[in-house]
Number of protein chains: 2
Amino acid sequence: MNVTALEEYGLRCAVQLASLPEGKTLSAPDIAEREGLSIEYVSKFMLLLKRAELVRTVRGIKGGFALSRQPAEISLKEVLDALNGRKKAGSEFCKSFTGKSEACVRFGSCSIRPFWDLLSGYVEEFTSRMTLADLIRPEEEIRDKTSSIASDHVGQMRNRELRS
Amino acid sequence: MNVTALEEYGLRCAVQLASLPEGKTLSAPDIAEREGLSIEYVSKFMLLLKRAELVRTVRGIKGGFALSRQPAEISLKEVLDALNGRKKAGSEFCKSFTGKSEACVRFGSCSIRPFWDLLSGYVEEFTSRMTLADLIRPEEEIRDKTSSIASDHVGQMRNRELRS
DNA sequence: TTGAAACAATACTTTTTTGTACGGATTTTA
DNA sequence: TAAAATCCGTACAAAAAAGTATTGTTTCAA
């Protein structure tokens, strides 16, 4: 379980836009300069973010990129999904199975699937509730928010237990 | 953030061994058969698990693999780490930076690093406290344990807040 | 003692990911 | 209107991951 390059660098570029004054844009060369990446590589991320409609663009000289919504209205999950192109996480593996068998071997009782599901469920919730606005605040301020997310997650799991 | 093939399939093979009666071994062909994977591929996983000393082997005809410890004494983190060969997670990215800059551009205030750190911290805790024994129990029984892990995690984060 | 079945290890092929290059379209500005 | 700077898009190259093949070593059992 690891972070892809697209996720890492794409998110950084998005954060650059988030820290921009309202109405301003930032060009690919500018972003590349600030993040120490190549212009071409940055352009690749931005195209993905644009296609996901998270970013708007201004063409021509003096053009550039800006977020299409307020930083606080864009979850990190949206950004990461845009960059990842919908990746198989957790139990999605069961479908994209590489083995010879027609489907996953474990039908009745599979405890690996729910394990990945629970883990990726937490990750999804975490990234859904964190926004770009959270990432342009000083480091210390993040902990409060993450703490409350984890706390809620426990509550939800307890509810699920009761229902089942 | 996604699960690698080695993690997924390697873990499945480990679970096969975990569900084995004490003292028994399972051969690579057997495991391959049960999981619908090629024998060669299974051998690759098992070699990694053996090198991490999570698995002991018996050579020769009638040989095979078995866990070197009790399933309850082997955390999923150990298994996943053995399969992953120590992967850069979260803020490790700062070191293995691909950009032109000598180091990560963000020195003073970086809120992306602590974001990944918090997320991967939870993942680590989750996988550290789940064991192979947990994965050979029926699906439903897992929730109790995961719930308490998440609960503890919140507690730890709150403590960290207090200390800082 | 010899053959079969298993682990051990490495090398190889294929696929995916990562990162670059380049030609075309758009808009500003001189 | 023409040059310059930008976005747009695809094609390409390099590296890593995924998966296969092969050869060697060990052990059991006939």
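Every chain is numbered from 1 and lettered A, B, ... according to where its sequence line falls, protein lines coming before strand lines. What you see is a predicted model; the values in this text were computed from it and never measured.
Of all non-hydrogen atoms in Pro29(A) and Ile39(A), the two that sit nearest each other are CA-CG1, 3.9 Å. Among all heavy-atom pairs drawn from Leu135(A) and Met130(A), the shortest one is CD2-CE, 4.4 Å. When all heavy atoms of Leu17(B) and Phe65(B) are compared, the pair lying nearest together is CD2-O, 3.5 Å.
Whole-Å rounding puts the Leu26(A) CG to dA5(D) P distance at 17 Å. Taking atom CG on Asp30(B) and atom P on dA6(C), their separation rounds to 7 Å, with Å as the unit. The interatomic distance linking Arg12(A) (CZ) with dG19(C) (P) rounds to 11 Å, in whole Å. Between Leu37(A) atom CG and dG19(C) atom P the separation is 9 Å, expressed in whole Å. Going from atom CG of Leu6(A) over to atom C1' of dT16(C) covers 12 Å, rounded to whole Å. In this structure, the CD1 atom of Ile39(A) is 17 Å from the C1' atom of dG9(D), given to the nearest Å. Counting to the nearest Å, the P atom of dA17(D) and the CG atom of Leu83(B) are 14 Å from each other. The CG-C1' distance, from Asn2(B) to dA17(D), rounds to 12 Å in whole Å.
Evaluated for a side-chain contact (heavy atoms from CB on, under 4.5 Å) with Leu54(A), the options Ile74(A), Leu83(A), Leu48(A) yield exactly one hit, Ile74(A).
Looking at Glu8(A) and Arg12(A), a side-chain N of the basic residue comes within less than 4.0 Å of a carboxylate O on the acidic one, giving a salt bridge.
Of the residues in residues 43-60 of chain B, those with a non-hydrogen atom less than 4.0 angstrom from any atom of DNA chain C are Leu47(B), Lys50(B), Arg51(B), Thr57(B), Val58(B), Arg59(B), Gly60(B).
Atom CZ of Phe115(A) sits about 6.5 Å away from atom CG of Leu11(B), to the nearest 0.5 Å. In this structure, NZ in Lys62(B) is found 9.0 Å from OG1 in Thr25(B), a value given to the nearest 0.5 Å.
Considering only the side chain of Tyr41(B), dT20(D) comes nearest among dT18(C), dT20(D), dC7(C). Here the side chain of Glu40(A) is nearest to one of dG19(C), dT20(C), dT6(D), namely dT20(C).
Toward the 5′ end of DNA chain D lies the nearest nucleotide of Pro29(A), the other residue of the pair Ile61(B) and Pro29(A) mapping further downstream.
The overall bend of the helix from dT1(C)-dA30(D) to dA30(C)-dT1(D), read as the angle between its terminal helix axes built from five base pairs each, is 10° when rounded to 10 degrees.
The shortest side-chain heavy-atom distance between Met1(A) and Leu119(A) falls under the 4.5 Å cut-off. Within the 4.5 Å cutoff, side-chain heavy atoms of Leu118(A) are placed close to those of Phe126(B).
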